[in-house]
Amino acid sequence: MTTFVSLISGSSGNASLISDGHTRLLIDCGMSGIKLKEALSAIDVAPESIDALLLTHDHIDHVKGAGVVSRRYNIPVYATAGTHAVMDAGKIADENIKIIKDKDAFEIGSIGVTPFAIPHDAKEPVGFTFTVGNEKYSIATDIGKMTRDILESIAGSKNVLLESNHDVEMLRTGSYPFPLKQRILGDFGHLSNENAAKTALYLVQNGTKHIMLGHLSKENNRPEIAMLETYNLLSASGVDVGKDVTLQVADRYKVTSF
Ligand SMILES: [Zn+2]
Ligand SMILES: [Zn+2]
């Protein structure tokens with residue numbers, strides 16, 4: 001049975017886990033080693049049993065505990081050359097540095113992995129699709145603007161963890177300084193609720209059965225607002241939410257299972 005969970009999700013920290021019972025992959029580790037251990041214990045996974053850590057990009061909300069977790073449990077860290085070059089997460093042993101590339105598929109144990117490039121203000125950032133048996137699963141967060149390339153990469157996924165970062169009006173009228181607002185709204189920032197909704201509709205039309213909205217901004221979003229935006233567009237387009245697709249929001253601080 002496949003386990004695909006968000007351990008934590010949001011601007012304050014991100015980490016997810018996918019496992020088929022044989023291979024366990026941790027995706028991002030924007031939390032301390034202690035917090036990771038706690039989160040994993042909630043789903044009965046021992047940190048020692050993690051086969052690999054995959055990083056989407058170097059931002060601290062994704063790599064905070066990467067170095068310590070790799071050293072403590074001797075876990076290989078798969079990331080693009082750009083991410084490895086600039087991330088500030090402490091020393092990783094040479095033999096645990098694994099370089100990955102956009103569109104270069106590889107396997108870790110029994111799980112297939114394909115990274116895909118994402119427009120985001122980091123060095124060589126990626127999202128991931130995973131193949132377990134005949135099924136596909138995707139993580140698509142930290143996306144400045146949705147691209148044809150990303151849609152093609154994630155289309156056909158059974159489950160997708162999709163960014164729904166901010167409500168554009170809350171962000172525009174909120175307290176963030178202007179340059180930060182510009183950054184988030186820009187093509188290399190984060191995906192709005194509105195664009196998450198459009199992406200969700202495309203996904204459902206292409207076979208996705210389970211969508212988890214994640215990476216919500218604490219200041220410029222609320223779970224019920226993100227949920228409603230996607231729910232409304234899906235419903236208005238004839239999708240029976242709950243029957244055709246399940247829709248939920250990843251919790252900021254605790255494990256959320258698909
Ligand atoms: Zn980021
Ligand atoms: Zn992030």
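Order of appearance sets the numbers: ligands from 1, and atoms from 1 within every ligand.
Distances shorter than 2.8 Å separate the Zn ion (ligand 2) from the protein N/O/S atoms Asp61 OD2, His62 NE2, Asp142 OD2, His215 NE2.
The line from CG of Leu151 to CG of Asn206 is 8.5 Å long, rounded to the nearest 0.5 Å.
Looking only at atom types and distance, the side chain of Thr23 has a donor-acceptor partner in the side chain of Ser110 under 3.5 Å away.
Relative orientation of the His62 and His215 rings is parallel, given thresholds of 30° and 60° on the angle between their planes.
Listed by chain and residue number, nothing satisfies the side chain to side chain donor-acceptor pair (under 3.5 Å) test with Lys243 (two or more places apart in sequence, or in another chain).
Take the N/O/S atoms of His120: the one nearest the Zn ion (ligand 1) is NE2.
With ring centers used as reference points, Tyr78 lies under 6.0 Å from Phe106.
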Q: Before giving the answer on side-chain contact (heavy atoms from CB on, under 4.5 Å), spell out for Asp102 and Thr80 the whole-Å C-alpha distance, their side-chain angles and the decisive distance to 0.1 Å.
A: CA-CA 8 Å; Asp102 174 30; Thr80 62; over 6 Å; no
